[in-house]
Amino acid sequence: MKGFIVSTSQRMINNRAHVLIFGRSEKGESFLTINHYQPYFFIKEEDQKKALKFENFEYKKTKLKNFQDEKLLKILVDEPKEVNQLRQIFEEEGIECFEADIIYKRRFLIDNKLSGTIEVKGEFDYQEDVKVFREPEIKPADCKIKLKVMSIDIETDPKAKRIFSIAMAQDKFEKVLVISNQKLKKAESFGDEEDLLERLFDIIDEQDPDIITGWNFIDFDLKVIKERCKKLEIPFLLGKGRTEGRLIVRKGFFQTSKASAQGRQIIDLMPWIQPTVKLPDYRLETVAQHFVKEGKIKSVPPSEIEEYLKKSPQKVVDYNLQDAILVLKIIEKSGVLDLNMRRSIATGLLLDEVKGSISALDSLYLRRLRDRNYVAPSVKHTTKEFPIMGGYVMESKPGIYDNIIVLDFKSLYPSLMRTFNIDPLMFGKKGITAPNGATFSKTKGVMPEILQELWELREEYRKKKDEPGRYAIKILMNSFFGVMASPNCRFFNLELANSITGFAQLFVKKTAEMVKDKGYDVIYSDTDSVFIIAGDNPEKIGKQLAKELNITIKDFINKTYKIDSYLELEFEKAYTQFLMPKLRGSTKGAKKKYAGLVNGKLEITGLEAVRSDWTPLAKKFQEELLLQIFKKKEPTKFIQKFVEDLKKGKYDKLLVYKKRLRKELEDYAVNTPHKKAAMKLIEAKGKLKTTTISYIITKDGPEPIEAIKNNPDYKHYAEKQIKPIADSLLTFFNTDFNTIIKNKNQKTLFNF
């Protein structure tokens with residue numbers, strides 16, 4: 001039998017530690033495997049006698065070594081918790097422990113090389129509808145599985161002290177449980193919450209979802225359900241076999257709540273979606289309109305649910321069910337479940353863990369490390385004494401240009417790690433010397449091996465036009481540099497991390513020099529890209545330059561280091577019109593800020609129009625002003641009219657600032673505008689329901705959009721939002737915003 005691993009747990013059975021794997025099979029069956037696995041960790045063989053003075057333990061000699069090639073002893077214990085207990089005793093006595101921090105369940109998956117999917121062979125029986133294997137043979141598998149996903153949404157009173165209805169949607173199953181005495185479509189009616197909640201858990205058990213999800217699901221819906229269960233003394237039966245679920249709600253805006261249930265994944269869809277798409281906000285309505293092109297039912301105001309429940313309960317049922325259905329549709333249209341299943345298969349992490357880059361590297365690296373008879377250090381949680389060296393960013397040459405081409409290194413940091421064998425195991429050995437002096441053996445390391453396999457997998461996904469798979473691998477590969485630069489990673493090494501950025505700086509600078517040698521001007525370079533004035537036929541020039549430079553770079557690496565190059569410079573794009581702005585108040589060029597036209601479409605990087613701390617007003621003005629200039633249109637009248645329309649209130653809907661609270665209000669030393677707006681919102685509404693404060697600047701200062709009392713301060717918007725953007729462009733034409741606004745009779749500005 002083959003299947004997908006949904007969740008794992010651990011259990012002591014007859015005083016022996018066991019790992020339980022819950023999953024869904026190819027045939028759609030729910031299954032459970034139960035395997036005994038003895039917890040362990042390592043110490044150096046030379047520390048054996050010293051360790052035995054402090055504690056008796058079971059041990060085995062091994063052929064395994066640490067990174068310094070010292071022999072290791074395997075320490076075996078009965079229970080997972082004893083690993084940490086022994087480690088604490090040993091480390092207090094100066095005895096180093098290896099791989100002593102790895103979670104027991106993950107250790108089992110790593111040692112058995114299980115990554116998302118599994119093949120199970122052995123005897124089984126059924127417990128209810130679950131296929132149970134005891135001590136089966138297990139191994140990795142290649143298969144496609146469709147998981148069962150249930151979306152849940154609740155409607156409550158304004159203070160979330162009573163649940164009025166609960167909607168559930170899964171595949172073709174749609175049901176709303178509602179407090180009502182009427183017979184309603186797609187609904188079951190109940191006289192009280194007790195019966196409603198008990199029926200909820202019955203349905204979860206009957207439908208047996210692998211994933212239970214919703215929008216803002218854990219911090220609101222599940223939290224309220226759990227609180228009502230506690231109040232009404234009803235078991236919180238989310239897990240398989242009608243087992244109790246666990247909910248840990250983190251108070252405050254800045255911690256992540258977590259829920260778990262035996263045999264299932266409890267996922268809040270909103271944090272899954274946020275990294276995949278940039279939207280003005282992440283309300284269900286906004287996200288649904290983006291992916292599904294439909295939204296919530298508007299005929300039922302959320303504040304009037306209780307009234308509608310009395311006079312028109314069917315509308316409440318329809319409203320509630322639509323929210324649950326929208327979540328399933330977003331999952332389908334966004335491909336986010338496919339993406340995270342690919343990430344699970346690529347890394348060996350469970351669905352609720354796949355966002356963890358450090359865990360992903362651990363999972364991939366430790367499997368391959370053991371094949372080489374090596375053992376990794378335990379995580380030490382050190383601190384960075386010095387910052388990581390950054391990528392090279394050339395000071396730009398400001399101006400407005402025609403025909404700029406961009407050449408870009410494909411996956412630069414992973415390519416450098418492959419090329420120069422940058423790897424924790426090979427660090428400090430003779431062979432290759434990095435620009436910062438770090439050395440690496442030429443014997444192929446674990447990290448380059450992982451990257452090569454991922455590279456091949458990404459290419460396979462690309463050929464199959466499997467975008468979620470390709471994107472999952474891209475995210476994973478690009479995370480490795482940041483992971484090894486983190487003190488929370490077991491492989492953290494400042495010299496190693498700086499060797500990557502050192503090589504990156506070397507080759508970006510060298511590429512700019514080679515471009516100049518070929519007679520072209522470089523106006524900017526940034527981390528992995530160079531911007532070049534191309535003249536006529538920019539696309540042809542860009543492709544030819546990339547081809548020639550790749551040959552030169554390959555020859556340079558071969559001659560200098562006697563190794564093969566995996567670096568690949570690509571022609572990325574050609575801007576027919578391009579702006580490189582000056583630093584505000586300076587003649588020097590800005591960094592990481594530019595805009596241009598590509599195939600007639602405006603692209604903006606780093607400027608106000610794409611920054612979340614500027615208003616939609618600034619975005620509209622900047623985009624339209626750039627198009628005026630790029631398309632050789634006279635901008636004088638446009639600027640004057642835009643300001644006039646602003647003062648007339650034409651753009652009032654675009655005046656909203658959005659700023660996220662990053663700490664509790666009392667912890668702000670400065671009375672910032674968004675703090676002031678947040679305090680006014682609390683005064684008006686009683687409490688904050690979000691960390692993102694939306695406000696406008698009025699004659700009385702910042703006011704939240706939910707409680708605006710005064711007129712907008714148009715002078716503020718003209719001076720703080722319009723003027724800086726206008727001046728950043730007008731400086732190239734020896735004029736400024738104030739001159740244009742004062743000189744209403746000015747007919748033209750530029751000689752086109």
Is [X] atom [atom1] crowded by more than 12 heavy atoms from other residues, nucleotides or ligands, each under 6.0 Å away?
X      : atom1 : answer
Asp517 : CG    : yes
Met394 : CE    : yes
Asn599 : CG    : no
Lys298 : NZ    : yes

Give, for atom [atom1] of [X] and atom [atom2] of [Y], the distance between the pair rounded to the nearest 0.5 Å.
X      : Y      : atom1 : atom2 : result
Ile696 : Lys653 : CD1   : NZ    : 13.5 Å
Ile705 : Leu681 : CD1   : CG    : 9.0 Å
Gln322 : Leu284 : CD    : CG    : 8.5 Å
Met417 : Met477 : CE    : CE    : 9.5 Å
Leu328 : Leu337 : CG    : CG    : 10.5 Å
Ile639 : Lys723 : CD1   : NZ    : 12.0 Å

Does [X] come within less than 4.0 Å of [Y], counting only side-chain N to carboxylate O?
X      : Y      : value
Asp613 : Arg611 : yes
Glu644 : Lys648 : no
Lys680 : Glu706 : no
Lys573 : Glu603 : yes
Glu703 : Lys709 : no
Lys516 : Asp521 : no
Glu608 : Arg584 : yes
Lys329 : Glu294 : yes
Lys464 : Glu460 : yes

Keeping [X] on the side-chain end and [Y] on the backbone end, is there a donor-acceptor pair under 3.5 Å?
X      : Y      : value
Arg342 : Pro468 : no
Tyr282 : Pro271 : no
Thr739 : Thr735 : no
Lys632 : Ile629 : no
Tyr524 : Lys592 : yes
Ser151 : Ala324 : yes
Thr419 : Tyr566 : yes
Lys278 : Val610 : yes
Glu634 : Thr636 : yes
Asn550 : Leu569 : yes

Item to check | salt bridge (Lys or Arg N to Asp or Glu O under 4.0 Å) partners for Glu623, two or more places apart | outcome: Lys619

Contact summary for [X] and [Y], nearest pair of heavy atoms:
X      : Y      : value
Gly589 : Leu583 : O-CG, 3.7 Å
Trp614 : Gln721 : CE3-NE2, 3.4 Å
Ala718 : Leu646 : N-CD2, 4.0 Å
Asp727 : Phe737 : OD1-N, 2.7 Å
Lys647 : Tyr714 : O-CE1, 3.6 Å
Thr552 : Met514 : CG2-SD, 3.3 Å

Next on the checklist: Before you tell me yes or no, could you show the steps for Lys296 and Asp323 under salt bridge (Lys or Arg N to Asp or Glu O under 4.0 Å), namely the whole-Å CA-CA distance, both residues' side-chain angles and the distance that decides it to 0.1 Å?
Outcome noted: CA-CA 6 Å; Lys296 296 162 72 73; Asp323 283 3; 2.7 Å; yes

Item to check | Verdict with reasoning, Ile557 to Leu567, per side-chain contact (heavy atoms from CB on, under 4.5 Å) | outcome: CA-CA 10 Å; Ile557 290 174; Leu567 298 184; 3.9 Å; yes

If we only count heavy atoms from C-beta on, is the [X] to [Y] side-chain gap below 4.5 Å?
X      : Y      : answer
Leu602 : Leu627 : yes
Tyr520 : Ile541 : yes
Asp268 : Asn216 : yes
Trp455 : Arg418 : yes
Thr511 : Ile553 : yes
Asp402 : Gln577 : yes
Ile267 : Trp272 : yes
Tyr651 : Thr615 : no

Item to check | Verdict with reasoning, Gln628 to Glu624, per side-chain hydrogen bond (donor to acceptor under 3.5 Å, both in side chains) | outcome: CA-CA 6 Å; Gln628 291 278 324; Glu624 292 184 6; over 6 Å; no

In residues 405-416, what donor-acceptor pairs under 3.5 Å come from side-chain atoms, sequence neighbours left out?
{"unit_1": "Asp408", "atom_1": "OD1", "unit_2": "Ser529", "atom_2": "OG", "d": "2.8"}
{"unit_1": "Ser411", "atom_1": "OG", "unit_2": "Arg458", "atom_2": "NH1", "d": "3.3"}
{"unit_1": "Ser415", "atom_1": "OG", "unit_2": "Lys410", "atom_2": "O", "d": "3.0"}
{"unit_1": "Ser415", "atom_1": "OG", "unit_2": "Ser411", "atom_2": "O", "d": "2.8"}

Checklist entry - Should the pair Tyr401 and Phe578 be assigned to parallel (<30°), tilted (30 to 60°) or perpendicular (>60°) ring geometry? => result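 Tyr401 and Phe578: tilted rings.
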
Next on the checklist: Can you classify the ring geometry of Tyr594 versus Tyr575 as parallel (below 30°), tilted (30 to 60°) or perpendicular (above 60°)?
Outcome noted: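 Aromatic pair Tyr594/Tyr575 classed perpendicular.
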
Donor-acceptor contacts under 3.5 Å from residues 469-476 side chains, at least two apart:
{"unit_1": "Arg470", "atom_1": "NE", "unit_2": "Glu467", "atom_2": "OE1", "d": "3.2"}
{"unit_1": "Arg470", "atom_1": "NE", "unit_2": "Glu467", "atom_2": "OE2", "d": "3.4"}
{"unit_1": "Arg470", "atom_1": "NH2", "unit_2": "Glu467", "atom_2": "OE2", "d": "2.7"}

Next on the checklist: Check for me whether Lys582 meets the cation-pi criterion with Phe732, that is, NZ or CZ under 6.0 Å from the six-membered ring centre and within 45 degrees of the ring axis.
Outcome noted: yes

Checklist entry - Where do Asp281 and Thr286 land on the side-chain hydrogen bond (donor to acceptor under 3.5 Å, both in side chains) test, with the steps shown first? => result CA-CA 7 Å; Asp281 60 67; Thr286 306; 2.5 Å; yes

